[in-house]
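Only one structure is covered here, and it is reproduced in the block below.
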Amino acid sequence: MPGWRIGNLGDRLFRGIAATFATIIVVVLLVIAVALTQASRETLSAYGFGFVVGQDWNPVEGANEVYGALPFVWGTLVTSFLALALAVPISVGIAVFIAELAPEWIRTPTGFVVELLAAVPSVIYGLWGFFVLRPVLIEHVDPALSRWLGFLPFFRGAPLGNDVLLASVVLAIMILPTISSVSREILRAVPNTLREAALALGATKWEMIRSVVLPYAKSGLTGAVILGLGRALGETMAVTMLVGNKPSMSLSVFEPAATMASIIANQYPEAQGRQHSALTEIGLLLFALTLVLNILARLLVWRVGRLPGDAGRA
Amino acid sequence: MDLAGYRRRRLVDLAVRGACVAATLVAVVPLVLILGYIVVKGGAALSPAFFLELPKPAGETGAGMANAIVGTLTLVGLACAFGVPLGVFAGIYLAEFGDNWLGTVIRFCSDVMAGVPSIVSGLFVYALVVVPMGRNSAIAGGLALAMLMLPTVTRTTEELLKLVPNALREAALALGVPEWRTTLWVVLRTAAPGIATGVVLAVARVTGETAPLLFTSLNNNGWADGIDQPTASLTVQIYQYAGSPFEDQQAQAWAAALVLVVVVLVLNISARILVRHRVAGAR
Amino acid sequence: MEADDDKRYKVRAIDLHAWFGTSHSLKGITMDLVDRHVTAIIGPSGCGKSTFIRCLNRMHEVVSGARAEGTVLLDGENIYASGIDAVLVRRRVGMVFQKPNPFPTMTIRDNVLAGLKLNGLRTRDPDALVERCLRQSALWEEVKEQLHKSGASLSGGQQQRLCIARTLALEPEVILMDEPCSALDPIATAKIEELIHELRGKYTIAIVTHSMQQAARVSDFTAFFYLGELIEYGDTDSIFTKPSNPRTEDYLTGRFG
């Protein structure tokens, strides 16, 4: 209601307070960037861009002390993309099931259960992954993979337990609800008139989904996947507890690795001097990475919201 | 008509439907497994001592996590004290005055902030609060959690205020009530139950957070002497005991996990039931 | 006699009921559509006229909570018999909706061919088919230069004619039209009506309409629905000039509706 508010002191004050509080959000975001840059200036000036591509990480003070973030960037990307590869087909399947196939009475409880998966704290996924899933993978899954697919570089080496595979599987479970609930909303935004048009032409349900619903929802679904990726990149506790925290760059999923978030959680509390700076810079990198991804995802999801169309028949 | 072709199309249709059902089952199974495991393992380790006693060295009986339970409550309370007023006012701004470029920028930043990894907010608070204060504290932990609550509270408030019918605003304004009073006493009060739901969901989320606490509130084996002291929390305690070689400490971790999951799920479920009631009532 | 009737009547609804959840919106309709003629269905909003035609190609059941019971004979075969697949029914009974709904992710050309692609049918010369259907729906001259543009780029009236072309491409036997002009301006409406004139004689058409003038202009037969029941049905001239039921007369003279 613009218009008749000017002149009233109380109104102006109120508006000012609200505006200040709202602006704090913007300020915080900026201050994060500034504060992290400040706290990592030592390694920023010592290594410059070389930090990002540096392959060695040795925090022991002395002549061999060296910091490079590449192993952690690598570990983050490998675990996240592996998790995506596992989670995306399943999440889209769930979204399609809930939005297109399930009868009403099954729809709500299923969506509810999947969203509860998102509510379970990260540290509990870590606990469960370590004590329950790890033995299962070591005893049943890993040997099978190395027997049948051991000729591939991805399944080479002796499975030890805390490795890329374990972390990725748990990560996949954790990002599943994010991707599937956003995808479900995206599918719901597809106008019903289009579904009806396809059905009236004699399409089966699946043909309708494939040729009309999915193309319409494509960019929104991409956004959902990127949101999931953003979560996977920043996920800390479960990964820290499961990935092994060894800065290495192997192709094999049976090798331990470390991610950007996990190395911070693992080393920051005991870090000194230059190591502090290096870990903070990794945090800065992670912040920048997730920032870019989130902006990208929001733009994609928003665009779907603006597409023409209606919610369909009541 | 091409009946053979149609038979194939129908098979494909059935196969895809089956795959979607399978995908849903695959997602539901881990949840059931995780919850089941926590109930079995945690239930076995849970005792009155868990709620009443302090942690003890491995091997001693009757250890508990009373300090961590109080610590988690303190941290979440502080997070609400910092995050809720800020988020509600920001939401008011967005809903009532936010149809301009500043509103768009704030909305965008708040969405982006929701995606910032929680460990980064820990790093941020460490640099900004812990370093100047010279020690870890509940205040720092609460601030880190508040940063995670802020986007949720802001956007929920905005969305719910926008749902309040304009007729209500106009009715109050027509009585000569100034706009700020109208917003606070009429609009905000109408939307309050919904906003409370959003806050409950945000609380549920930060109660389970560990990463931002690791170097802000740290941990404490005893009672904290104040909110400017290192403070124990259930989540950090689970993290530390999970890596412990001692079985009784692992059991304590499971017990803490059970308590945590029950709290988080109860918060979530009650928030959702609240929402459904409100929606059903509005019809 | 029976066989003759099945020949004369393309679609025969017998004691057809429909529900939305618990509300009984179609209460035992028995009515025949004459082969290769246009039948208009009129009545005040909420009278069940849209529901009725949506039952004729089993689109009613697509809405969650909706169900239908009764018999609908298509060439003497009950499309509600068990074992009959709705997908195959819809292949033969096309539908044009109230709001134009071309597929926005497809080009104009692909929109016309969408039904064939969905049904896995192949034509030797898709371009000729596209041209023929677009000519039939009187759209060809307007879009022949922009067949590769999105279907959503057209005006409302053009979009609706594109939807008709899309339906024609499948060569259905029956075309159901659910208030096809209600979202269109008078000029676009006139074009669609002209088109319906062209199509009569080749297809059995049922058109639901709000406008009595439209019913009088385009149809051979008219049915008047009220509160889920069929009140009167006969050839259009006699319904409009000497309705036998007082409620029909009230509606036609604008006393309610």
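All chains are named by letter (A, B, ...) in the order of the sequence lines, taking the proteins before the strands, and each is independently numbered beginning at 1.
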Heavy-atom count around C/Glu77 CD within 6.0 Å, excluding the residue itself: above 12? no
In terms of heavy-atom proximity below 4.5 Å to chain A, should C/Arg58 be classed as side chain, backbone, both, or neither? neither
Residues of residues 198-213 of chain A contacting chain C, heavy-atom criterion under 4.5 Å, by residue number: A/Ala198, A/Leu199, A/Ala200, A/Leu201, A/Gly202, A/Ala203, A/Thr204, A/Glu207, A/Ser211, A/Val212
Nearest non-hydrogen partners of C/Pro102 and A/Leu194, listed with the distance: O-CD2, 3.4 Å
Partners of A/Arg107 by salt bridge (Lys or Arg N to Asp or Glu O under 4.0 Å), sequence neighbours excluded? none
Any side-chain heavy-atom pair of A/Thr193 and C/Pro100 under 4.5 Å: no
More than 12 foreign heavy atoms under 6.0 Å from CD1 of C/Ile187: is that the case here? no
Begin from the C-alpha positions of C/Arg54 and A/Glu196 and carry the test salt bridge (charged side-chain N to carboxylate O under 4.0 Å, His left out) through to its verdict. CA-CA 11 Å; C/Arg54 288 171 66 90; A/Glu196 295 197 332; 2.6 Å; yes
Under 4.5 Å heavy-atom distance to chain A, tell me which part of C/Val89 shows up: side chain, backbone, both or neither. neither
Does atom CZ of A/Phe112 have more than 12 heavy-atom neighbours, drawn from other residues, nucleotides or ligands, at distances under 6.0 Å? yes
